[in-house]
Amino acid sequence: MKILFVCIGNSCRSPMAEAVLKDALAREQLDWTVDSAAIATWNVGRSPEPRCLAVLRENGLDSDHVGRQIREEDFRQFDYIFGMDEGNIRDLRELAPEDCSARIELLGDYRMKELDKIIFDPYFETGIHGFRRCYDQIVICCRNFIQQKRSG
């Protein structure tokens with residue numbers, strides 16, 4: 001299985017989700033491909049936001065991801081492309097080529113709750129608290145996604 005996480009800038013939510021899922025897959029001994037990308041070009045070639053990296057380190061994780069923008073071939077190469085919020089989903093559907101084979105979904109749909117399905121964007125928050133909240137949301141969604149795909 002091939003999974004791509006996408007957010008607007010590929011500096012916070014999507015690289016965090018990439019790191020979380022890679023770690024979970026390693027523990028579950030599942031050999032899936034995981035990557036992340038941006039809608040916009042702002043952070044192409046850059047490392048994730050320092051607060052993102054700090055929260056990953058707090059949880060024993062790290063990221064060597066280099067920001068990139070989503071490409072047309074991603075829509076054919078990945079099985080799932082997860083957006084973090086409704087704006088990401090709208091943008092992804094507009095960018096998707098006619099022969100898109102990926103399922104474009106909201107990662108928060110795997111939160112299994114009606115409320116709080118949007119993965120919180122911590123970028124404009126002061127401090128690190130928003131990044132911790134984002135991390136907690138992502139962990140639950142990734143755990144539920146793996147569980148659902150393994151059992152179904």
Check for a donor-acceptor pair, side chain of [X] on one end and backbone N or O of [Y] on the other, with a separation under 3.5 Å.
X    : Y    : value
Q137 : I118 : yes
D35  : L4   : no
D121 : Y123 : yes
R51  : H129 : no

Using 0.5 Å steps for rounding, measure from the [atom1] atom of [X] to the [atom2] atom of [Y].
X    : Y    : atom1 : atom2 : value
C12  : M84  : SG    : CE    : 11.0 Å
N10  : C52  : CG    : SG    : 9.5 Å
I81  : S14  : CD1   : OG    : 12.0 Å
C100 : F75  : SG    : CZ    : 6.0 Å
I3   : K149 : CD1   : NZ    : 9.5 Å
I146 : M1   : CD1   : CE    : 10.0 Å

Say whether [X] and [Y], considering side chains only, have a donor N or O and an acceptor N or O under 3.5 Å apart.
X   : Y    : result
S47 : H65  : no
E58 : Y135 : no
E49 : S11  : no

_Check for me, please, whether L61 and L25 land in the same ILVMFWY cluster - side-chain distances under 4.5 Å, paths through other members count._
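As far as the 4.5 Å side-chain criterion goes, L25 and L61 are connected within one cluster.
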- Message: Between V44 and I8, is there shared hydrophobic-cluster membership here, with clusters defined by ILVMFWY side-chain heavy atoms closer than 4.5 Å?
- Response: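 Cluster IDs for V44 and I8 differ.
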Which pair of non-hydrogen atoms, one from [X] and one from [Y], has the smallest distance, and what is that distance?
X    : Y    : answer
G9   : N43  : O-ND2, 2.9 Å
E18  : S36  : OE1-OG, 2.7 Å
A54  : I128 : CB-CD1, 3.7 Å
I138 : A17  : CG2-CA, 3.5 Å
V6   : A38  : CG1-C, 4.2 Å
I104 : A96  : CD1-CB, 4.0 Å

TODO: Go through the steps for L95 and I39 under the test side-chain contact (heavy atoms from CB on, under 4.5 Å), then give the verdict.
DONE: CA-CA 9 Å; L95 291 168; I39 300 288; 4.2 Å; yes
>> If you apply the rule side-chain contact (heavy atoms from CB on, under 4.5 Å), what do you find for I119 with L107, and how did you get there?
In response: CA-CA 8 Å; I119 304 298; L107 179 61; 4.3 Å; yes
- prompt: Are any non-hydrogen side-chain atoms of R46 and V66 less than 4.5 angstrom apart?
  reply: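 Contact flag for R46/V66 side chains = no.
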Side chain proximity check, P122 to R133, heavy atoms < 4.5 angstrom
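SC-SC contact between P122 and R133 ruled out.
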Run the salt-bridge test on [X] and [Y] with the 4.0 Å N-O cut-off and return the result as yes or no.
X   : Y    : result
D85 : K117 : no
R27 : D23  : yes
D74 : R68  : yes
E28 : R150 : yes

Query raised in the report: side-chain contact (heavy atoms from CB on, under 4.5 Å) between V34 and F5: does it pass, once the steps are laid out?
Result: CA-CA 8 Å; V34 183; F5 295 105; 3.7 Å; yes
Centre-to-centre under 6.0 Å for Y80 and F78, is that the case here?
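Judged by ring-centre distance (under 6.0 Å), Y80 and F78 do not meet the cut-off.
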Self-check item: R13 and F120: CA distance, side-chain angles, deciding distance, side-chain contact (heavy atoms from CB on, under 4.5 Å) verdict
Solution: CA-CA 8 Å; R13 297 175 290 174; F120 176 74; over 6 Å; no
_Students often mix this up, so state it plainly: with edges at 30° and 60°, are the rings of Y110 and F82 parallel, tilted or perpendicular?_
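Rings of Y110 and F82: perpendicular, as their planes differ by over 60°.
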Could you walk me through whether D79 and R103 pass the salt bridge (Lys or Arg N to Asp or Glu O under 4.0 Å) test, one step at a time? CA-CA 6 Å; D79 299 305; R103 291 184 59 164; over 6 Å; no
Count the heavy atoms belonging to other residues, nucleotides or ligands that lie under 6.0 Å from CG of D64, then report whether that count exceeds 12.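 At most 12 heavy atoms, drawn from other residues, nucleotides or ligands, come within 6.0 Å of this atom.
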Q. Do other residues, nucleotides or ligands put more than 12 heavy atoms under 6.0 Å from the CD atom of E86?
A.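 Result for CD/E86: open.
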